[in-house]
Amino acid sequence: MEFEKLKAELVEQEVSLVAVSKTKPVSAILELYEQGQRTFGENRVQELVEKYEEMPKDISWHLIGHLQKNKVKYIAPFVSLIHSADNIKLLRVINKEAAKNDRTIPVLLQIKIAEEDTKYGFDFQELLQLVKSSAFTEFDHLSFHGVMGMATFTDNQEQVREEFNNLANHHQELSSFFDTGVFKIISMGMSGDYQIAIECGSNMVRIGSLLFGARD
Ligand SMILES: *Cc1c(COP(=O)(O)O)cnc(C)c1O
């Protein structure tokens with residue numbers, strides 16, 4: 001899909017675009033950069049670091065894929081938003097690495113909304129218990145910007161809609177525990193389901209193949 005067209009559609013609905021550039025070469029990313037796109041998402045740490053080093057420094061890099069604790073240190077100096085904070089131990093490590101770099105790292109709480117076992121994320125009820133406990137008071141180098149989730153990979157649009165609605169409700173329920181001026185992002189929707197996601201309240205979509213073409 002043409003970038004300009006998608007961008008116009010999203011701007012009209014006040015939805016931000018993370019262009020998911022995983023597996024795509026720097027040349028393809030630069031094409032979008034030249035059209036004005038500044039936010040790119042990658043799901044692997046090594047690829048993210050390599051692209052960060054090679055590309056213009058006014059790009060905001062988002063980590064959208066599962067993050068291992070031992071790799072946080074590589075992205076901590078520069079990452080703009082981590083979408084995939086999905087367990088308390090990982091949050092502690094991100095907080096620690098942020099402190100070492102003398103910065104505050106913005107994170108989204110990834111919540112499991114899909115029925116597949118393969119999708120990462122907090123169990124919502126467990127997360128709710130955690131945020132009610134003192135566990136979340138120790139994070140002086142994190143800022144909590146909202147939630148992220150991925151729907152089940154299925155043709156059943158009603159199921160996808162229900163899962164996205166659940167995430168929007170979870171965001172609402174969690175809001176009272178965070179700074180509501182900051183805890184605003186609902187990151188949901190990819191190439192195949194972003195329109196449903198927006199109807200359900202998404203304000204940040206992560207789109208790859210629709211912009212860059214299918215991945216091998
Ligand atoms: C790859 C990926 C996307 C984008 O997927 P497309 O279907 O290519 O738009 C979005 N979110 C995450 C977490 C991904 O890994």
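Counting starts at 1 for both ligands and their atoms, following the listed order.
Residues that satisfy the ring pair (Phe, Tyr, Trp, His ring centres under 6.0 Å) test with Tyr33, not counting sequence neighbours, are absent from this structure. Judged as a side chain to side chain donor-acceptor pair (under 3.5 Å), and not counting sequence neighbours, the contacts of His83 are His62, Ser187.
Using a 4.5 Å cut-off on side-chain heavy atoms (C-beta onward), Ile111 and Leu167 make contact.
Listed by chain and residue number, the protein contacts of ligand 1 are Val20, Lys22, Ile64, Met150, Met190, Ser191, Arg206, Ile207, Gly208, Ser209, Arg215 (heavy atom within 4.0 angstrom).
Counting only residues at least two apart or on different chains, the salt bridge (Lys or Arg N to Asp or Glu O under 4.0 Å) pairs with a member in residues 43-52 are Glu42-Lys51, Glu47-Lys51.
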His171 vs Phe183, ring pair (Phe, Tyr, Trp, His ring centres under 6.0 Å): CA-CA, chis, key distance, verdict: CA-CA 9 Å; His171 172 259; Phe183 194 76; 5.1 Å; yes
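Checked against Tyr52 for a ring pair (Phe, Tyr, Trp, His ring centres under 6.0 Å), the options Phe78, Phe40, Tyr74 give a single hit: Phe78.
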